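To find a chain, count down the sequence lines: A is the first, B the second, and so on, and within it residues start at 1. Just so it is clear, the model here is predicted, and its values are computed rather than measured. Because only heavy atoms are used, hydrogens play no part in the values below, and waters and symmetry mates are left out as well, while side chains stay in.
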Amino acid sequence: AEEIKVGALFPLTGPAAVSGQNCVNSVLAAADVINTKNPDIKAPLAAGEGLVGGKYVIKIVPADHQGKPDVAKSEAERLYNQEKVFAVIGCYNSSATKPASAVAERAKKIFLCGCSSSAALTERGYKYFFRHAPTDAIESVEFVDYIAYLNKEKNAGIKTLGVIYENTEFGKHAADEARKAAKRADLEIVADVPFNNGATNLNSEVQKLKSANPDAVFGAALGGDYSLWVRTMKQVNWLPKIAINYCTGYQNPAVQKELGSDGNFFMGGMGYSPELAKKFMPEAIKIQDKYYTPRSKQPFDSDSIQEAVMLMVLAQAIEKAGGPDTEKVAKIIQTDEFPSVMSLSGRVKFSSDGQNAEALSVITQLHEQKYQTVFPLKYKDSEPTLPMTPWDKR
Amino acid sequence: MALLEVRDLTMKFGSLLANSDVSFEVEKGTIVGLIGPNGAGKTTLFNCVAGLYKPTSGRVVFKGVDVTNLPAYKMARLGVARTFQVVRPLKEMTVFENIMVGAYMRTSDSSKAAAAAERCMELCFLGDDRDRPAGGLTIGNKKRLEVARALATGPELLLLDEAVAGLTSTEIKEMVEVIVRLRREGITILMVEHIMEAIMPIADKIVVLASGKKIAEGAPADIVKDPVVTTAYFGEKFSKRLKERKEGA
Amino acid sequence: MAAMLEVKDIHCSYDHVPVIQGVSLEVNEGEIVAILGANGAGKSTTMRTIAGLMHPTSGSITFNGIDITKMPASSSIKRGLSYVPEGRRLFAKLTVRENLELGAFTSADRTGVAERLEEMFELFPILKSRAAQTAETMSGGEQQMCAIARGLMSRPKLIMLDELSLGLQPSLVEKVFETVREIRKRGVTILLVEQMVQEALEISDRGYVLQTGRIVHQGTAKELLNSDEVRRAYMGM
Amino acid sequence: MSNFLQVLIDGILSGLLYALVAAGLSMIWGVMDVINFAHGEFLMVAMYICYWLGFIFKVDPLFTWVAAGIFLFILGAVTYKWIIRRSLGKAAMAPLLATFGLSMFLKNLCMNRFSPNFRLLSGTLLDGKTFEIGGAIVSVPQFVTGIFSLVVVVALYWLVKRTRLGWAIQATAMDKEAAELMGIDTEKIFLLVFGLGGACVGVAGGLMTTYLAVHPEVGGLFSLIAFVVVALGGFGSIPGAFAAAILIGLVESFTGFYVAAVLKYVAVFAIYLVVILVRPKGLFGW
Amino acid sequence: MTLTKKDKLWYGFIIVAAILPCIPGVIGGGSFFGHVATMVLLYAAMAQSWNIISGYCGQVSFGHSVFFGIGAYAAGLAVVTFETLPWYGVPLGMLAAALVSILISYPCFRLKGHYFAIATFAIVEIFNRLFMIWDAVGGALGLDYPILPDGWENFSWSDTKTGYYIGALAIFIVVFGVVRWIERHRMGYYLLAVREGQETAESLGVNSTIVKLGAMALSAALAALCGAFFAQYNYRVDPPMVMSLDMSMKFVLITILGGVGTFWGPFLGALVLIPLQEYTRAYLTHFGAGIDLIIFGIIIIVVMIKEPRGIMGLISYFKKDKAEEGAKS
Ligand SMILES: Nc1ncnc2c1ncn2[C@@H]1O[C@H](COP(=O)(O)OP(=O)(O)OP(=O)(O)O)[C@@H](O)[C@H]1O
Ligand SMILES: Nc1ncnc2c1ncn2[C@@H]1O[C@H](COP(=O)(O)OP(=O)(O)OP(=O)(O)O)[C@@H](O)[C@H]1O
Ligand SMILES: CC(C)C[C@H](N)C(=O)O
Ligand SMILES: [Mg+2]
Ligand SMILES: [Mg+2]
């Protein structure tokens with residue numbers, strides 16, 4: 001069969017390398033689903049071998065951008081021009097996704113983005129750029145909705161908010177959206193704490209939170225910083241009533257394993273968790289066990305799985321177009337709706353700016369390393385522990 | 001008016017008095033010798049005149065202008081060039097390039113500078129080593145390089161700090177010849193030297209320093225006889241030898 | 001009997017630039033031998049090579065019958081070969097006493113060290129009164145004394161003294177040369193390098209004259225003192 | 001007020017950690033005038049050692065720091081023998097750049113072998129333990145590290161100032177050749193100093209695993225701070241490095257809390273520049 | 001006028017480099033080779049501008065990414081914030097970099113050896129972190145270029161590298177040309193003299209402060225020129241990308257590998273390191289993460305141990321060998 005090459009451009013080295021490698025594994029898992037016969041998996045294109053009746057197979061070309069935008073840009077060029085990939089999936093870091101997708105747009109090539117969350121990505125008016133993940137804007141609104149719900153139904157009395165975020169593209173965007181959402185919901189922001197990622201300690205940052213003592217905290221921290229943050233809060237023996245996190249650290253199973261019971265009762269927005277999947281995405285679990293876990297030694301996480309979704313979307317579009325014709329495929333991705341076994345909402349549909357209109361994330365709370373869904377009500381499977389159990393009572 | 005006047009110059013390093021109230025004059029077109037025991041403060045005095053050190057007190061007057069405290073490069077531009085006692089070749093540069101640095105002071109035109117450098121190089125017998133890195137020269141050639149480089153700046157006053165130390169007798173003679181030739185060309189010279197045969201025959205005047213103070217000043221013939229200088233510098237034995245030699249000659 | 005120190009046809013270079021080109025010399029037990037020569041002739045290099053601070057590219061050095069050609073400096077001193085380098089090289093921040101004690105670093109015997117210290121203070125009374133002063137604050141003459149004493153602390157059989165008179169007032173020079181004689185009386189063999197040719201030869205038994213890395217004259221002190229050539233080239237006569 | 005006390009204690013504790021991390025670097029710099037650019041990666045290696053010992057054999061880092069210290073001693077000595085000795089004296093920056101190469105090598109080797117995952121030992125003996133002083137909370141792991149830091153700094157100081165070996169080290173630092181003439185085997189001293197420098201950072205790394213996650217990039221900022229600490233303290237002065245480390249810990253902590261957290265490292269680096277421009281040889285430099 | 005051997009090399013190089021884009025497919029069409037060739041020229045120029053102050057003048061700075069970054073920001077601000085042509089940003093960026101460099105280095109030149117080196121580390125970190133929070137220049141978000149029409153006006157091309165290559169070649173010629181001119185004139189001699197012995201230089205009438213500041217300002221301005229190109233090339237500027245220790249080290253390593261303080265050193269270094277970096281990253285990924293950087297680390301160690309004068313050192317070593325052979329026979 002003829003190969004259709006797809007680039008998988010992620011941070012395979014550098015500070016975000018853990019997640020980057022998960023993302024590549026996730027894309028590879030999806031490619032396996034497509035390329036081989038998987039009658040056991042009930043997903044589009046799983047049963048058959050390859051695309052268009054076996055005429056094409058997907059070949060993934062991994063590439064490393066090291067977390068650096070300039071490298072992402074030149075690797076994207078290399079993938080399109082030299083490797084002749086049909087499309088690129090990437091780049092995890094919004095800061096890398098931006099220049100890499102600009103390359104695609106200029107060359108009129110398809111660029112697919114799973115989990116980069118900066119809202120700005122889909123505000124550029126690009127025609128060949130599609131993103132699966134809910135943006136920070138969407139998540140922020142959901143977070144404050146949840147707080148409103150808690151205040152109303154549970155008498156939570158949450159009036160003040162603190163935000164702690166890494167001072168990067170990701171963190172700053174998240175914080176911006178948090179501020180906007182908080183303003184609309186009349187939450188007073190009493191602590192606004194950016195920090196340098198990769199810091200040697202977060203003592204003063206946490207001390208600032210503690211002395212402002214907000215009722216709720218929104219956090220945006222990647223893996224190592226997330227666990228440092230949690231541990232430092234334990235050290236100073238302080239917790240807000242409720243702490244909700246944007247992506248990464250919180251939803252990374254490896255990080256949670258290391259935090260152990262210290263990670264309990266934190267909340268976060270996610271699109272995937274093994275617990276959710278058991279209920280709503282049984283097929284995703286099959287893919288995970290068959291193709292992902294053998295590679296990554298851990299379950300899917302909410303970031304990486306979205307990269308797999310984007311490959312499935314691309315494959316379905318190619319199938320419909322009957323072959324790798326960029327214009328046709330882009331048009332189909334833009335207009336059609338795709339069933340997706342690995343998306344919580346079960347389908348993907350892009351609005352005109354390339355943002356997945358069906359993007360959905362739920363708020364979960366961690367109990368004994370299990371992500372229990374607490375909001376929205378439709379997906380809710382357990383009552384939240386509110387306020388968080390203090391450190392000395394655990 | 002003297003070309004260079006040093007007035008009550010005092011230089012302290014912490015509590016150490018390296019120069020204390022030293023005064024003397026250097027007339028245009030003469031060769032003045034500066035002698036004295038090790039550590040007497042001769043090099044320090046040079047450094048004060050050349051602008052490398054700022055004297056603690058006292059004045060340095062060059063061509064009637066007070067130049068105390070002027071930085072070294074300005075002194076050089078005024079026409080005061082110096083050599084270093086502990087040679088300081090610009091090691092990774094060739095002999096010619098070393099001299100070019102000096103030559104560029106008076107002109108920014110490369111060919112003019114090269115011509116000047118070439119002349120100074122020949123004058124100091126360095127032609128054979130033109131393109132060798134200066135770091136690899138023998139000590140004698142390094143000494144000559146010091147002189148050539150200083151000369152290339154086209155000075156009016158040349159300060160030579162032990163320029164012939166380390167040279168063999170014949171080489172010393174050559175260098176003395178060069179110095180005399182420079183005087184003929186109108187360059188005034190102030191030189192520090194421990195080797196009497198190099199300085200006594202050509203100096204018009206000798207200034208003697210000891211422990212930072214000027215202890216004598218006068219014509220070479222008088223200095224040799226001065227008992228103060230003998231005890232402080234020559235020592236009994238050497239004086240005796242000097243005398244013997246005179247008588248022998 | 002073989003000489004105490006035998007240097008046979010050594011060649012040395014810095015960065016591939018040859019500096020010593022075939023120097024041979026010997027020192028017998030109990031002698032004072034002088035190496036003379038102009039600046040840059042290679043006197044210090046010869047001594048550094050014997051001391052083991054650098055190694056010859058060819059040739060050999062034996063000391064008391066043992067080949068020390070490739071031995072590092074730290075081992076030669078254990079065999080009784082001590083070197084007082086040009087420019088004193090005292091440990092500037094340490095006190096006189098500490099400097100001296102370091103001189104006996106190789107000796108594990110503490111009481112022995114105390115004894116030697118006393119000996120040195122006897123030889124150089126001025127050091128005793130300055131024992132607690134840091135080396136850098138001492139006058140040049142005192143520093144030179146301290147350096148010699150440090151060199152003697154290891155109880156060497158042979159001590160090499162490089163430019164003892166450097167930086168010393170004429171009166172001090174005389175004192176230092178007297179000290180050298182005194183040291184010899186105590187049974188230490190001496191190899192010295194000097195610029196003050198006349199003075200050096202006056203206290204030496206034999207001498208070698210070095211010129212651009214080669215021995216050009218050798219003989220007893222008297223012979224050299226009377227040689228016209230030496231007088232002309234190195235004594236300015 | 002309690003904030004102030006807390007911030008003060010945090011500052012001192014992180015200062016003590018920096019002192020521990022920098023002590024070895026300071027010694028190497030002082031004796032050999034070499035900056036070990038791979039210092040941060042040495043720290044990382046030590047952390048990995050204790051992490052794996054804790055993870056596989058379940059030995060607490062409270063004990064395994066000894067192993068890390070010993071291994072890092074060897075690593076330091078080997079680095080000296082294979083890299084420093086061969087690049088020393090060849091060109092001004094050769095040892096610095098060679099160790100920069102070493103740091104790239106070590107960092108990416110660990111990345112390649114151990115994956116870039118953040119690894120944190122949970123359930124260690126000291127994990128999460130705290131006590132209170134006047135309303136301020138002190139974390140036991142950091143406190144213990146602080147104590148170790150004091151012990152190591154005092155021990156190093158004692159070693160250098162009061163022992164025969166220390167003399168030999170000082171003599172070597174002041175004048176290598178003269179030291180050799182005293183019968184000191186300076187090669188051995190250099191080897192030992194590099195080993196000791198490694199051992200110090202080994203102990204630091206070992207203890208850090210009680211409360212910090214290890215990953216291939218962990219050394220970066222620590223080594224930069226260690227450089228600044230050492231230079232701020234002054235050429236090879238151990239008390240200087242100690243004082244500088246505490247100063248930097250406090251600057252970091254107070255800026256972080258009272259000014260802005262994102263500015264804390266700006267303040268750290270700026271304080272270095274300010275001090276060094278007033279005293280070009282550092283606080284205790286000579 | 002007769003051509004020296006050096007001249008012949010120089011003109012020969014320019015001719016070859018200028019012919020490359022005329023051969024279809026080699027540079028154009030967005031080929032990876034085109035990218036690598038462009039980067040070689042850019043980094044060579046950047047390393048050369050570092051070489052002016054650190055190699056020729058001996059003030060080893062690890063802070064040059066600050067000036068590179070200022071240039072990049074100038075171009076980026078012109079395009080993104082002020083929505084004009086990048087060309088306006090270039091001279092302003094060069095000027096700003098020169099001014100900043102003078103302000104920084106005037107006090108820092110008092111520091112010696114490692115104190116100076118660490119001060120330059122500190123400066124990079126400070127600039128990096130300040131730019132990260134300075135919202136007027138995009139803060140942590142950086143500046144992202146909009147998609148503009150291709151062409152020289154916007155200095156932006158989507159599907160060909162030819163324009164960029166020619167741009168990089170022009171920068172290369174400017175920077176190397178400046179250094180060549182300097183080498184043959186008073187300034188060059190003064191730079192070396194200050195490196196080899198500041199006091200000696202002063203005694204020969206050289207105002208070493210002015211020489212060092214001048215060299216630093218020139219070096220910074222040229223670095224800013226390279227930075228502006230880098231921003232154009234990547235459609236983006238952010239602090240970790242252009243103002244980081246990593247970036248600074250790259251300039252240092254390239255120059256050192258090639259031969260510090262030599263004319264062709266920076267070019268040779270870039271010629272080896274950049275393709276090595278680009279091709280290993282592109283084609284060795286399957287050996288696992290970081291393989292390219294592991295190899296890189298080893299190369300650096302080996303070079304520093306074996307021949308710290310870099311490739312130029314190797315060349316002169318072989319030349320000497322030959323010369324000696326010739327002399328013998
Ligand atoms: N930079 C300095 N700092 C402290 N002391 C100094 C400095 N330079 C010179 N001295 C001291 O000043 C005194 C005079 O030194 P100077 O070099 O002027 O002597 P000199 O007459 O040139 O001796 P020589 O004949 O040996 O060259 C000496 O005691 C010396 O140690
Ligand atoms: N470290 C070095 N590197 C390169 N060349 C050197 C070095 N040390 C000495 N030389 C050169 O070796 C030659 C011999 O030097 P050496 O020091 O042995 O002479 P010396 O006879 O002791 O002279 P002096 O009377 O000045 O002490 C000189 O030409 C000198 O320039
Ligand atoms: C946390 C991630 C999934 C990536 C992050 N949202 C970013 O855009 O950089
Ligand atoms: Mg002098
Ligand atoms: Mg000598």
Subject >> Least distance between heavy atoms, C:P125 atom then C:L123 atom >> reply: CD-O, 3.4 Å
Subject >> Shortest non-hydrogen contact from D:A226 toward D:V21 >> reply: CB-CG1, 4.2 Å
Subject >> Contacts of residues 68-78 of chain C with chain D (heavy atom under 4.5 Å) >> reply: C:A73, C:S74, C:I77, C:K78
Original post:
Ignoring hydrogens and geometry, is there a side-chain-to-backbone donor-acceptor pair from C:K43 to C:G37 under 3.5 Å?
Top reply: yes
Subject >> Side-chain ion pair, C:K128 and C:E118, N-O less than 4.0 Å >> reply: yes
Subject >> D:L20 vs D:L207, side-chain contact (heavy atoms from CB on, under 4.5 Å): CA-CA, chis, key distance, verdict >> reply: CA-CA 10 Å; D:L20 184 59; D:L207 291 166; 4.2 Å; yes
Original post:
Under the side chain to side chain donor-acceptor pair (under 3.5 Å) rule, what pairs show up with a residue in residues 165-175 of chain D, not counting sequence neighbours?
Top reply: C:R89-D:D175
